[in-house]
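Here the structure is laid out as structure tokens; the discussion comes afterwards.
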Protein chains: 2
Amino acid sequence: MPEAQSPTRKRIVDAATRLFYAEGIGRVSVDAIAEKAGLTKRTLYYHFKSKDDLVAAYLDGRDQPNLTLMAGWFDAAEGGADRKVEAIFTNLARAARHPKWKGCGFLRTAAELASMPGHPAIKVGSRHKSNFETWLAGELSNHGVEEPQALAREIVLLIDGSFSIMLIHRNPDYIEAAGRGAATLVRARTSSTRSRT
Amino acid sequence: MPEAQSPTRKRIVDAATRLFYAEGIGRVSVDAIAEKAGLTKRTLYYHFKSKDDLVAAYLDGRDQPNLTLMAGWFDAAEGGADRKVEAIFTNLARAARHPKWKGCGFLRTAAELASMPGHPAIKVGSRHKSNFETWLAGELSNHGVEEPQALAREIVLLIDGSFSIMLIHRNPDYIEAAGRGAATLVRARTSSTRSRT
DNA sequence: TTTGGTATACTGACTAGTGAATATACACAA
DNA sequence: TTGTGTATATTCACTAGTCAGTATACCAAA
């Protein structure tokens with residue numbers, strides 16, 4: 001029985017994260033991950049019962065870092081809820097200009113595994129996206145926005161739309177456009193007495 | 001030199017379309033496509049110079065049918081631009097409830113090939129998405145909406161966000177939510193004298 | 001007799017996963 | 001302190017099958 005917090009296990013997940021994100025699930029072999037982690041395939045299979053398990057572990061490891069990043073962008077932005085929401089998109093557009101950027105690992109994995117809806121990695125992705133939506137709804141609620149849940153969902157749809165369309169057009173202008181749309185939606189649900197700060 | 005309109009070629013593309021959409025690019029072998037088309041792999045390679053070429057042909061064949069479907073939904077809907085836009089989402093949600101539905105083939109292919117940004121299939125996808133955005137902007141313009149291009153882009157982002165998030169949550173409520181968001185954005189750009197029909 | 005199209009059969013590389021042996025570390029008894 | 005047992009962790013070599021793409025040959029029609 002391998003330990004859950006083993007440093008070897010961490011090394012494997014780190015290697016898998018880099019390769020899966022860069023190339024996609026199907027294009028990365030277990031051999032390649034083992035080599036990148038500096039150990040043999042047999043050792044990898046001692047710590048994970050299958051490649052599918054490793055894919056789920058990869059996404060599980062991205063849950064908290066991703067949420068923290070987004071929350072950081074939101075918190076750091078000046079202005080009202082509309083500005084803070086738009087800041088998420090501005091920062092996303094900046095990140096997307098980096099040559100190693102390949103979209104959202106959760107969405108790309110779900111797209112690649114679309115024919116296996118019950119796959120453990122997709123469940124991890126679903127939980128992550130729900131966590132983000134819930135966090136955002138809470139922040140919007142704190143800012144006194146009307147219908148924070150419905151609004152959070154619409155913003156999530158614009159974010160994930162940005163991720164997807166970027167992989168098609170490779171043009172960050174789409175992310176900026178999504179940010180303006182999101183800000184419009186926030187203002188549409190902000191009491192008309194204070195639409196800007 | 002194979003003919004561009006050969007019936008054999010069409011049979012191959014039809015088989016590829018079914019398999020690629022159902023399983024994804026990487027999970028479908030050229031052998032499987034040849035078998036489904038009822039011919040040998042050598043014949044397939046007479047008509048297409050590589051698997052990548054066949055992937056591009058698959059998406060190219062989906063361009064017009066997809067546009068026609070969306071335009072049909074838009075045209076058939078009663079009411080103003082907000083209602084017509086929302087109808088696209090309502091119909092999309094209905095389609096997404098079908099068990100064989102697996103999202104948008106263009107986006108799924110782009111996600112799977114994210115590490116090969118110049119892939120011919122991604123260029124085909126980019127052209128298709130641009131075609132749709134341009135068509136939608138034209139319709140919105142015809143309906144007297146302000147800033148039809150910016151609005152069309154925001155709606156496209158909500159549509160593609162719907163496609164993506166559906167593959168994660170498998171819950172069509174998200175598509176309906178996107179439709180309500182899109183309608184809100186249309187109304188925000190409709191002269192305040194007539195916000196509904 | 002040439003040309004377009006099809007078939008059989010093959011190549012070399014790669015795939016996920018496994019069998020069997022071994023190294024390491026620590027607990028406990030003599 | 002020394003020896004022995006046991007669980008954890010790791011390696012090498014392998015299986016059985018799949019992959020995209022091709023060499024060669026055939027056949028029918030122009």
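To find a chain, count down the sequence lines: A is the first, B the second, and so on, and within it residues start at 1.
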Item to check | Out of dT11(D), dA7(C), dT6(C), whichever nucleotide has its closest atom nearest the side chain of L39(A) | outcome: dT11(D)
Checklist entry - Starting at CZ of F48(A) and ending at C1' of dA9(D), how long is that distance when rounded to a whole Å? => result 14 Å
Checklist entry - Can a side chain N or O of T40(A) be found less than 4.0 Å away from OP1 or OP2 on dT11(D)? => result yes
Next on the checklist: Assess whether a salt bridge exists between R180(B) and E147(A), defined as any Lys/Arg side-chain N lying under 4.0 Å from an Asp/Glu carboxylate O.
Outcome noted: no
Item to check | Interatomic distance where CZ belongs to R9(A) and C1' belongs to dT10(D) [whole Å] | outcome: 17 Å
Checklist entry - How would you label the contact of S29(B) with the nucleic acid (heavy atoms, under 4.0 Å): base, sugar-phosphate, or nothing? => result sugar-phosphate
Checklist entry - In whole angstroms, how far is the P atom of dT15(C) from the CD atom of E23(A)? => result 12 Å
Next on the checklist: Considering every strand and a 4.0 Å limit on heavy-atom distances, what is the contact class for T8(A): base, sugar-phosphate, or nothing?
Outcome noted: sugar-phosphate
Checklist entry - So what does the secondary structure string of DNA chain C come out as, 5' to 3', with Watson-Crick or wobble pairs under 3.5 angstrom, [ ] for crossing and | for pairs with another strand? => result ||||||||||||||||||||||||||||||
Item to check | Spacing between Y45(A) atom OH and dT15(C) atom P, to the nearest angstrom | outcome: 11 Å
Checklist entry - Below 4.0 angstrom from OP1 or OP2 of dT10(D), is there any side-chain N or O of H47(A)? => result yes
Next on the checklist: If you compare every side-chain N and O of S6(A) against the phosphate oxygens of dA9(D) (OP1, OP2), does one of them come in below 4.0 Å?
Outcome noted: no
Checklist entry - Parallel under 30°, tilted from 30 to 60°, perpendicular over 60°: which one fits the rings of W135(A) and F74(A)? => result perpendicular
Checklist entry - Salt bridge or not for E78(B) and R83(B), using N-O below 4.0 Å? => result no
Checklist entry - Are K129(B) and D160(B) close enough, and set up right, to give a salt bridge (charged side-chain N to carboxylate O under 4.0 Å, His left out), and what steps lead you there? => result CA-CA 10 Å; K129(B) 292 290 180 187; D160(B) 290 336; 2.9 Å; yes
Next on the checklist: Regarding K36(B) and D14(B), does a basic nitrogen lie under 4.0 Å from an acidic carboxylate oxygen?
Outcome noted: no
Checklist entry - Using a cut-off of less than 4.0 Å, is there contact between a side-chain N or O of Y46(A) and OP1 or OP2 of dA9(D)? => result yes
Item to check | Euclidean distance, atom CG of residue D31(A) to atom P of dT11(D) [Å, nearest integer] | outcome: 14 Å
Checklist outcome for this item: Between NZ of K51(B) and P of dT22(D) the distance, given in whole Å, is 15 Å
Checklist entry - Is a donor-acceptor contact shorter than 3.5 angstrom present between the side chain of K41(A) and the base of dG17(C)? => result yes
Checklist entry - Taking the six-membered ring of F106(A) as reference, does the NZ or CZ atom of R127(A) fall below 6.0 Å from its centre and within a 45° cone about the axis? => result no
Item to check | Interatomic distance where CD belongs to E35(B) and P belongs to dC19(D) [whole Å] | outcome: 11 Å
Checklist outcome for this item: From NZ of K10(A) across to C1' of dA9(D) the rounded distance in Å is 19 Å
Checklist entry - Within a reach of under 6.0 Å around CZ of R18(A), are more than 12 heavy atoms found that belong to other residues, nucleotides or ligands? => result no
Checklist entry - Does a distance-only test, which skips hydrogens and angles, find a donor-acceptor pair under 3.5 Å between the side chain of R42(B) and the base of dG21(D)? => result no
